[in-house]
Structures are given as C-alpha cells and as structure tokens.
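This report refers to the structure that appears directly beneath it.
Just follow the structure's listing: the first ligand is 1, and inside any ligand the first atom is 1.
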Amino acid sequence: MHKTPIRYLKGVGPRREAVFNKIGIFTVKDLLYYFPFRYQDRRFLKKISTLRIGEFAVVRAKVKTTNIKKFPYFLRSKKIKSIFEAILEDETGFLECVWFNQAYLAEAIKPGEELTVYGKLYFSKKGTQFISPEYEISGNLDSPAEAKITGVYHAPEGLNQKFIRKIVSAAIKQYISKCIDPLPFYIRQEKNIMNIAKSFEEIHFPSSWLKAAAARERFIFEELFFSQISVFLRKARRIFQKSVSLKIEQDDFKAIDDNLGFDLTAGQAKAVSQILSDIAKPYPMHRLLQGDVGCGKTIAAAFSIGACYASGLQAAFMVPTEILAYQHFETLRRIFKLKAMAFRDFESSIKIITSSLSRKEKDVIYEDLSRGTLKVIVGTHALIQEKVKFKNLGLVVIDEQHRFGVAQRALLSNREALSPHCLVMSATPIPRSLALSLYGDLDLSVIKDMPQGRKPPVTMWVKEDKRQWVYDFLEKELKSGHQAYIVYPVIDDSPDEELKSLKVMFEKITKRFSEFKPRMFHGRMKNEEKLTTIKEFREKKSRILVSTTVIEVGVDIKEATVMVIESPERFGLAQLHQLRGRIQRSEEQAYFVLISSKELSENASERLRVISQTHDGFVIAEEDLKSRGPGDFFGNLQHGLPDLRIANPLRDMDLLNRARSLAYKVIKSDPGLNKKEHSCINEHLNN
Ligand code: ADP
Ligand code: MG
C-alpha cells in the first residue's frame with residue numbers, strides 16, 4: 001500500500017491527482033495520513049422549526065418544490081451563473097436551500113424525494129436559508145459521511161469535502177488490510193495503543209468522539225515517536241563517525257584566558273570545559289550552547305576555535321549578519337594576539353567571507369580554504385555555497401542558531417570526509433519540549449549567569465506626551481559620555497500617523513542632537529555603508545545610532561548604554577528582549593526607554609508590562625508563547641522545525657516524553673534496527 005499512487009483509486013483522474021500532488025499527497029499512504037482538522041457531529045437530526053441562525057445542523061425532509069434560475073452572461077452580477085433553490089418541508093415547517101452555479105442539481109434533486117442536508121442557517125434580506133449545504137438523497141448508502149461524526153478536511157481548490165471523504169473511504173476499504181503498523185507490537189500492547197487499521201478508520205470516520213480522540217492520540221504519539229527515533233538514530237550514528245580530536249595545551253589555554261581581561265563566569269567556565277572535553281574525542285561533538293543575550297557565549301566559541309587552530313585544523317564560524325561577522329572577526333583577532341607559539345600566525349590565518357566581497361576576493365578565499373592555507377573563516381551564508389571546500393575542517397561554530405536551519409547545519413558538516421565538530425549557539429530560550437524536538441540530538445550546555453558587575457538595565461515605559469522629557473534625559477546621558485540607539489519599527493513614513501518612521505524622525509533628531517552626530521542605520525543601506533556607520537559609532541565619531549531592528553542580533557558595543565524604542569507595541573516580546581540585550585554590555589547602568597502611543601490594545605499593554613518588569617529570558621519566552629500562541633512562536637523560529645503535522649510538542653508534552661523514552665530504549669537496544677520486531681520501524685522510515 002505504501003507506494004501505491006493515488007491515481008489507482010477509483011475517481012482520481014489526472015486532474016484531481018495533480019491537485020492532490022500539489023498538497024503533498026502522492027500515495028495512498030499520504031492520503032491516509034491526511035487527517036481531518038475538525039469534525040461535525042451529524043448524528044442528530046433536527047426539526048426545521050428548531051433550527052437556529054448560525055448553528056450547524058442536519059435536517060432530513062421532503063423536497064416540496066425546486067426552482068432553477070440561470071443568468072445569461074450580460075445579466076450576471078459577481079460570478080453567479082445560476083441559482084438552484086429547493087424548499088424542504090417537514091411536519092414543523094419549511095426550509096429554503098440554495099446552491100450557486102450548480103445547475104446540474106436540477107436533475108439530481110426532484111420534488112417528492114427525501115433529502116438530508118448538512119449546513120448552517122444563514123439570515124439575509126430574503127429570510128433564513130441554508131446556503132450551498134452538503135446533501136444526500138436518502139437511502140444513498142454510498143455516502144461515508146451520512147449521519148455520523150464527520151471529518152472536515154483542509155480542501156484545496158478543485159477538491160471538495162465530499163470527494164475527499166469518498167476517496168479516503170475507498171482507500172481504507174481497499175488497502176487497510178495490507179497496512180503494516182509502524183509501531184512495534186510490543187509497544188502497542190504495553191501502552192494500550194489502538195492498531196493502525198482501526199486508527200485510520202476512527203480518525204477519518206469516527207464511531208464515537210472517544211474513539212476519534214484515541215485514534216488522534218495514537219497518531220500524535222506515532223509522529224513524536226518517529227521524530228525521536230530519528231533524533232536518536234542521528235545521535236547513535238555520530239558515534240560511528242570519525243573526527244579529529246582537537247586538543248589545547250594547558251599553557252595555551254592559560255594564555256588565552258589571561259588575555260581576556262576578565263574572569264570567566266562559572267557558567268562560561270563549565271560550558272568551555274564541556275566543549276573542550278567533547279572536541280578532544282575522536283567522534284563529532286554536536287552541542288548547543290544556550291544562554292541569554294549578553295552572557296558571553298562568544299568566548300566559548302573562541303576557546304574551541306583556539307583548540308582547533310592549535311591542533312592544525314580549519315575552523316568555520318557562521319553568523320547571520322555581516323556586522324556580526326566583522327565583530328567576531330575583530331574579537332577573535334584581539335583574543336589571539338598572543339605570544340604563545342601555537343597562535344603566532346593567527347592574525348594572518350583568519351579571514352571574513354560575506355556576500356559583499358567581490359567575485360575575485362571570494363575565489364581567493366575558496367582557493368585558500370581548499371589548499372588549507374586559510375585556517376579560520378568567519379562568514380555569513382556565503383560560507384555554505386557549493387563552491388566552499390575545506391582541506392581539513394575540524395570545527396564548525398554557528399552563532400544565533402535560530403536564524404539558520406537544521407538543514408544548514410548539516411550542509412556545512414556533511415560534506416567532509418572526517419566529520420567536523422559542531423557547536424551551535426543560541427540566545428533564544430526555547431521551552432524544553434520544543435528544544436527536544438528541534439535539537440534533541442544535540443548535547444546541551446547552558447550559561448545561566450551574567451558577567452560580574454552587570455546591572456540589569458532600568459526599563460522606563462512612557463507615553464508619547466513625555467517625549468521631551470525623554471529627549472532631555474537622553475541629552476544628559478550623551479553629555480556624560482554614553483552612546484544611544486533609537487529604534488524605529490519602520491523605515492519610511494506610513495499612513496498610520498501615530499507610527500513614527502525612521503526617515504522622518506531622523507531629521508528631527510539630527511536637529512535636536514546635532515552635536516552628537518546622529519547616523520542612520522537600516523537594512524536597505526548598502527553593506528559598505530552599514531559597516532562604516534557601525535565603525536563610526538563604535539569609534540564614537542557618531543554617538544547616536546538611529547536604527548531599525550537590524551541591530552537586534554548580536555551587536556556588541558560597550559559604551560552604548562541607552563536605547564529608546566519608538567512604538568514598542570509593534571514589537572514582539574522576544575524581540576524587545578533581544579534589543580534590550582544590546583545595552584547590557586558593561587558595568588555602567590543602562591537605560592531602556594519605551595515611548596508608546598497613548599492608545600494601546602490590551603495585548604500590547606500586557607507585553608510592555610512584562611518587558612518592564614522582568615529580565616529573565618526564559619520567563620519572557622514563556623509569556624511570549626502565551627500571548628502569541630505556538631503558531632506564531634514556531635513561525636518566529638523560522639527554520640529547522642521538524643516535520644510535525646498533528647503533534648504540537650508544547651501541547652503534547654506528556655506524549656513527547658513517553659515517545660522519547662521509548663525511542664531511546666529502542667535505539668539503545670537495537671541501534672541498527674535489525675531486530676525482527678523493529679522491522680516495521682525501518683519500513684516506515686524508508687517509505
Ligand atoms: P552573547 O552571549 O550575547 O553572544 P557576547 O559573547 O557578545 O554575548 O558577550 C557580551 C559582552 O560581554 C562582550 O563585550 C564580552 O566581551 C563581555 N564578556 C563576556 N564574558 C565576560 C566576563 N566573564 N566578564 C566580563 N565581560 C564579559
Ligand atoms: Mg552573541
């Protein structure tokens with residue numbers, strides 16, 4: 001059944017097959033896994049007089065009269081070509097049903113017949129009506145949906161509900177007996193899980209709400225179980241891959257440490273030691289380093305790059321923006337400006353690659369990487385081009401992992417004969433359940449502490465009428481030598497008057513603060529302009545950066561201690577938290593000032609309240625999740641989400657935990673999935 005194309009099902013011709021293909025359904029198996037997203041209860045018939053406007057109901061009644069109106073082309077309003085009406089009658093009253101553009105119904109529905117209609121009662125100028133209800137002529141036993149709990153599918157254009165049900169029903173009848181349950185028998189028995197054949201029947205055509213729920217739970221479990229099987233398989237396979245063990249001498253470690261100018265926090269020290277011990281092993285490290293903005297993750301990357309360099313292998317440091325590439329490049333060069341023999345030539349062995357290099361410059365870098373003369377490369381997406389080949393890549397570090405996908409991580413590391421070690425870093429505090437399904441194959445290090453002496457920024461939330469006060473405050477801070485960011489949600493002016501745009505406000509700010517040489521900074525500027533602007537700001541030639549959220553990721557400028565956010569209600573919680581992270585970079589007291597408009601929605605006020613009251617990234621992530629719902633939160637992660645269709649790891653935490661521990665046992669006892677009782681797992685994975 002697994003690979004049988006759906007065109008083998010009766011009723012699926014080339015046109016419908018194409019529509020199915022468009023939504024990813026190619027085989028009978030795909031079709032059976034295309035589940036309803038909700039149900040209608042069609043088991044109870046209603047009398048016409050008891051119908052209520054807006055309510056879904058099932059009515060069985062006699063057709064009293066019918067009428068068809070066809071409109072010639074020149075009389076058509078909107079796209080209505082015809083209207084077919086049928087008046088139904090039962091002992092309590094009359095019900096008008098209308099269908100648009102289905103003139104053929106005049107042949108199918110005749111006065112005197114008994115009809116069952118499923119629909120919602122609408123109210124219009126013409127009175128109450130059922131508009132285009134589904135219908136069955138009574139006694140038509142062909143209909144799988146009649147008088148049952150009925151699934152409703154996401155129906156793409158070109159397929160209607162009725163047809164999908166019919167075809168699913170046919171698929172179940174024909175193929176269900178050949179279906180191999182992907183969950184091993186002993187697991188199903190132990191956990192009392194409904195078998196696959198019964199589950200397909202019950203999820204598509206439930207015999208009761210209880211059975212529907214049980215079937216759904218089974219498939220959620222199945223999905224999570226297989227996502228975790230894949231995770232543990234990846235993990236198990238890693239141990240059989242070979243890497244070069246990367247080691248750093250005690251003296252060299254000390255040389256780096258002494259050159260930092262500060263002591264590592266306990267969290268940093270622990271993360272660094274976990275990482276160094278991992279990469280000293282002859283099989284690849286895959287570790288996620290999580291820690292709130294500003295906790296100092298870059299240092300951990302530096303130590304591992306140091307070990308790699310000292311071991312004579314190449315290291316790649318991948319970052320999401322060009323600004324960040326330059327920043328890390330400078331940081332590394334500073335850290336490795338050492339007398340120690342091992343790092344003597346570091347300065348000339350590190351380069352940057354970004355999309356704004358010329359073709360020729362890039363080609364030189366590609367060449368040097370493939371010859372192995374270039375040892376450390378910091379780069380953006382330009383690093384994962386087809387052309388990039390390393391001579392002996394020992395380590396990949398990925399900063400701000402949530403900006404990349406799992407797939408991109410694999411891209412860099414899988415091309416090598418010897419697998420490189422892989423360190424990914426993220427400031428996004430992901431709830432545990434999500435982390436397990438996203439990054440379950442990664443070992444985890446968490447930095448919970450902040451460098452000593454850091455004071456949390458003071459957050460001030462004011463309304464528009466306090467603008468002058470904010471400007472005065474800003475002036476005072478600037479005069480005492482600090483720098484400031486002013487962040488806008490949009491670049492150009494918008495019709496929305498309340499919304500301040502960067503370009504318009506920039507002029508005003510330049511007038512008010514001319515002595516501090518404000519500069520503009522946004523995503524539509526050329527890369528070169530961006531880099532010079534940041535450089536000038538870093539060197540204090542300009543003291544105010546008027547910016548969009550492009551500065552959100554990673555930018556590290558210690559003297560910038562004030563940030564003003566315009567229209568903060570336009571930003572998400574996580575984003576505000578990231579932005580605030582930009583100014584918590586030294587022992588100076590930082591100020592985070594929100595200027596919101598006067599009228600705010602309930603939801604926006606709540607967000608601003610949360611950001612004013614807490615600094616804990618995890619608390620903020622959870623609040624974010626609550627206020628936006630998992631859909632948006634997932635969306636925000638952008639890439640890398642495992643292919644989950646009905647499971648939601650946040651909602652289904654219990655099932656996820658059960659699935660995870662079972663999957664672990666399976667792979668631990670049988671990493672090659674060779675045992676007979678696990679052949680079903682293989683079968684499912686490979687089809
Ligand atoms: P993030 O975790 O957000 O990437 P960074 O690595 O950019 O943070 O570090 C933030 C700032 O803190 C940098 O300027 C860095 O030099 C500084 N820093 C890192 N670790 C320490 C420490 N242990 N003590 C003092 N400052 C530190
Ligand atoms: Mg960072």
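For Thr265, heavy-atom contacts with ligand 1 shorter than 4.0 Å involve the backbone as well as the side chain. Contacts with ligand 1 closer than 4.0 Å are made by side-chain heavy atoms of Arg454 only, the backbone lying farther away. Within the 4.0 Å heavy-atom criterion, the part of Asp263 lying near ligand 1 is the backbone and not the side chain. The proximity of Met425 to ligand 1, defined as any non-hydrogen pair under 4.0 Å, does not occur for either the backbone or the side chain. Residue contacts with ligand 1, taken as heavy atom pairs separated by less than 4.0 Å, do not involve Gln452 at all.
Near Thr298, meaning under 4.0 Å from one of its heavy atoms, ligand 1 places the atoms 4 (O), 5 (P), 6 (O), 7 (O). Within ligand 1, the atoms closer than 4.0 Å to a non-hydrogen atom of Gly296 are 1 (P), 2 (O), 5 (P), 6 (O), 8 (O), 9 (O), 19 (C), numbered from 1 in the order shown. Counting the atoms of ligand 1 from 1 in the order shown, those under 4.0 Å from a heavy atom of Val293 are 3 (O).
Residues passing the side chain to side chain donor-acceptor pair (under 3.5 Å) test with Lys479, sequence neighbours excluded: Glu475. Residues satisfying the side-chain contact (heavy atoms from CB on, under 4.5 Å) criterion with Thr373, sequence neighbours excluded, are Asp368, Arg371.
A donor-acceptor contact shorter than 3.5 Å links the side chain of Gln314 to the backbone of Leu369. Side chain of Gln327 to backbone of Asp556: a donor-acceptor contact under 3.5 angstrom is found. Judged purely by atom type and a 3.5 angstrom limit, Arg543 uses its side chain to pair as donor or acceptor with the backbone of Leu478. Distance alone, capped at 3.5 Å, is enough to place a donor-acceptor pair between the Lys297 side chain and the Gly291 backbone.
Taking any N or O of Gln327, backbone or side chain, none lies under 3.5 Å from an N or O belonging to ligand 1. The shortest N/O to N/O separation between Gly294 and ligand 1 falls below 3.5 Å.
Between Cys295 and ligand 1 there is a heavy-atom distance shorter than 4.0 Å.
Contact check on Lys526 versus Glu528 returns no salt bridge, with no Lys/Arg side-chain nitrogen under 4.0 Å from an Asp/Glu carboxylate oxygen.
The structure places CG of Asp257 at 9.0 Å from CZ of Phe262, a figure rounded to the nearest 0.5 Å.
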